[in-house]
Amino acid sequence: MDDPRSAQMAALADEVRNLRASPLYEFRVANRYKPVIGEGSLDAFIMFIGEAPGEAEAKSGRPFVGASGRLLDELLRGIGLERSSVYITNVVKDRPPENRDPTREEIELYTPILLRQIDIIRPKVIVTLGRFALAFMLDLLGIRPPEAKISKLHGQVLQGVAPYGPVSLVPLFHPAVALYSTPSKATLVKDFQVLKQFL
């Protein structure tokens, strides 16, 4: 019997493809980009959430396939995880022009899609990559740390509650930051080790 979650995810993908209300829709069409829904195991224990796709991702329709993606794959292998065993997505499913930060309007528009993805997969651990994904998930999971900045929270395990039950939230720096800074890469490699306790 087919997994109903695959059908739900396919329906979501169709919805995003036809999301003409998005300020990013015309930019996608004009550049022949694809929306980037997400990929990986629907049984994933760990879900990674980035901010928005870059150019390589928008051309391929897959998340984290550029230089950031290669680093993410390397980090996953470093703790004994295959990319196929986790689920990877972004808050915003279309590429913003010039890789600028997503706007509040864009984040709000794509939010229901991400919420449904989280509900389909029901991960026990959510790893945020970058500050936008972190802010989004702190809010969603009702986590109120004294300092909500990624510079203070990276590499920690925070406890929150999703609609389906308890979730561990692990904020990490975005791999893109580590591409241009050796100290940031060392921090990211060290922070990634925190995930070993969940394997």
Side-chain angles (χ1 to χ4, degrees), residues 2-19 21-22 24 35-53 57 61-64 68-69 72 75-76 81-95 102-145 148 150 153-154 156-175 191-192 194-195 197-199:
D2 287 341
D3 186 343
R5 295 175 304 169
S6 298
Q8 288 174 297
M9 209 57 101
L12 272 184
D14 282 341
E15 221 173 283
V16 176
R17 269 190 287 276
N18 299 311
L19 194 59
S22 171
L24 302 173
V36 181
I37 314 302
E39 71 176 18
S41 170
L42 298 185
D43 294 312
F45 192 80
I46 303 177
M47 185 175 191
F48 287 81
I49 302 175
E51 303 181 350
E57 289 76 18
R62 297 178 58 215
F64 286 89
S68 293
L72 181 60
L75 291 163
L76 285 167
L81 270 180
E82 286 302 315
R83 183 183 174 112
S84 59
S85 68
V86 301
Y87 191 86
I88 305 172
T89 189
N90 287 294
V91 177
V92 170
K93 310 301 185 193
D94 279 298
R95 181 194 178 205
T103 65
R104 181 183 292 276
E105 180 194 3
E106 288 158 4
I107 290 169
E108 285 175 1
L109 188 72
Y110 290 91
T111 289
I113 308 284
L114 178 57
L115 294 182
R116 279 155 61 200
Q117 285 180 301
I118 292 169
D119 192 57
I120 289 167
I121 294 165
R122 304 194 163 202
K124 294 288 183 282
V125 182
I126 292 177
V127 180
T128 56
L129 301 169
R131 62 192 172 95
F132 283 94
L134 171 60
F136 180 91
M137 289 311 304
L138 286 174
D139 200 40
L140 178 68
L141 300 176
I143 302 172
R144 304 274 178 267
I150 192 164
L153 297 177
H154 69 90
Q156 295 183 36
V157 179
L158 309 171
Q159 299 305 325
V161 181
Y164 56 86
V167 177
S168 296
L169 179 68
V170 181
L172 298 178
F173 287 120
H174 195 286
D191 286 352
F192 233 81
V194 170
L195 298 176
Q197 67 189 279
F198 299 111
L199 306 184

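All of these numbers come straight from a predicted model, not from anything done at the bench.
Under the 6.0 Å cut-off for aromatic ring centres, His174 and Phe132 do not qualify, their centroids lying 6.0 Å or more apart.
A heavy-atom distance below 4.5 Å is found between the side chains of Leu138 and Pro145. Pro123 is listed as a side-chain neighbour of Ile118, based on a closest heavy-atom distance under 4.5 Å. Residues Val16 and Lys93 form a side-chain contact, since some pair of their non-hydrogen atoms from C-beta on lies under 4.5 Å apart. At a threshold of 4.5 Å between non-hydrogen side-chain atoms, the residues Phe64 and Asn90 count as touching. A 4.5 Å side-chain heavy-atom check between Leu140 and Ile126 finds every atom pair outside the cut-off. Between Leu158 and Pro171 the shortest side-chain heavy-atom distance falls below 4.5 Å. Counting only heavy atoms from C-beta outward, the side chains of Thr89 and Ile37 never approach each other to under 4.5 Å. Looking at Met47 and Val125, their side chains never come closer than 4.5 Å, going by heavy atoms from C-beta outward.
Judged by distance alone, the side chains of Tyr110 and Asp94 do bring a donor and an acceptor atom under 3.5 Å apart. Side-chain contact, Ser22 with Glu106: no donor N or O sits under 3.5 Å from an acceptor N or O.
Considering all non-hydrogen atoms of both residues, Ile150 and Gly130 come closest at CD1-C, 3.7 Å. Between Val194 and Val170 the shortest heavy-atom distance is CG1-CG1, 4.4 Å. Nearest approach of Gly50 to Ala133, heavy atoms of both residues: O-CB, 3.6 Å.
The pair Asp14-Arg17 meets the salt-bridge criterion, since a charged nitrogen lies less than 4.0 angstrom from a carboxylate oxygen. At a threshold of 4.0 Å, the pair Glu51-Arg131 does not count as salt-bridged, since none of the basic side-chain nitrogens sits closer than that to a carboxylate oxygen.
For the atom pair CG (Asp191) and CG (Leu153), the distance works out to 11.0 Å, reported to the nearest 0.5 Å. Note: Ile88 CD1 to Phe48 CZ = 6.5 Å, rounded to the nearest 0.5 Å. Here the CG atom belonging to Leu195 is positioned 9.5 Å from the CG atom belonging to Leu75, to the nearest 0.5 angstrom. Of the inter-residue distances, the one linking Leu12 atom CG with Gln117 atom CD reads 6.0 Å to the nearest 0.5 angstrom. Leu81 contributes atom CG, which lies 5.0 Å from atom CD1 of Ile46 (distance to the nearest 0.5 angstrom). Atom CD in Glu39 sits 9.5 Å away from atom OG in Ser84 (nearest 0.5 Å).
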Given Gln156 and Leu169, is the side-chain contact (heavy atoms from CB on, under 4.5 Å) satisfied, shown in steps? CA-CA 8 Å; Gln156 295 183 36; Leu169 179 68; over 6 Å; no
Between Phe192 and Val127, is a side-chain contact (heavy atoms from CB on, under 4.5 Å) present by the stated rule, with each step listed? CA-CA 10 Å; Phe192 233 81; Val127 180; 5.7 Å; no
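Around atom CZ of Arg144, more than 12 heavy atoms belonging to other residues, nucleotides or ligands sit under 6.0 Å away. Other residues, nucleotides and ligands place more than 12 heavy atoms under 6.0 Å from the CD atom of Gln159. Applying the 6.0 Å contact sphere to CD of Glu82 captures no more than 12 heavy atoms from other residues, nucleotides or ligands.
Between Phe198 and Phe45, the ring planes are tilted. Angles from 30° to 60° get that label.
No option in Ile49, Thr111, Thr128 other than Thr111 meets the side chain to side chain contact (heavy atoms under 4.5 Å, CB included) test with Phe136.
Arg5 places a side-chain N or O within 3.5 Å of a backbone atom of Leu42 that can act as its donor or acceptor partner. Panel note: side chain Gln8, backbone Arg116; no donor-acceptor pair is recorded below 3.5 Å.
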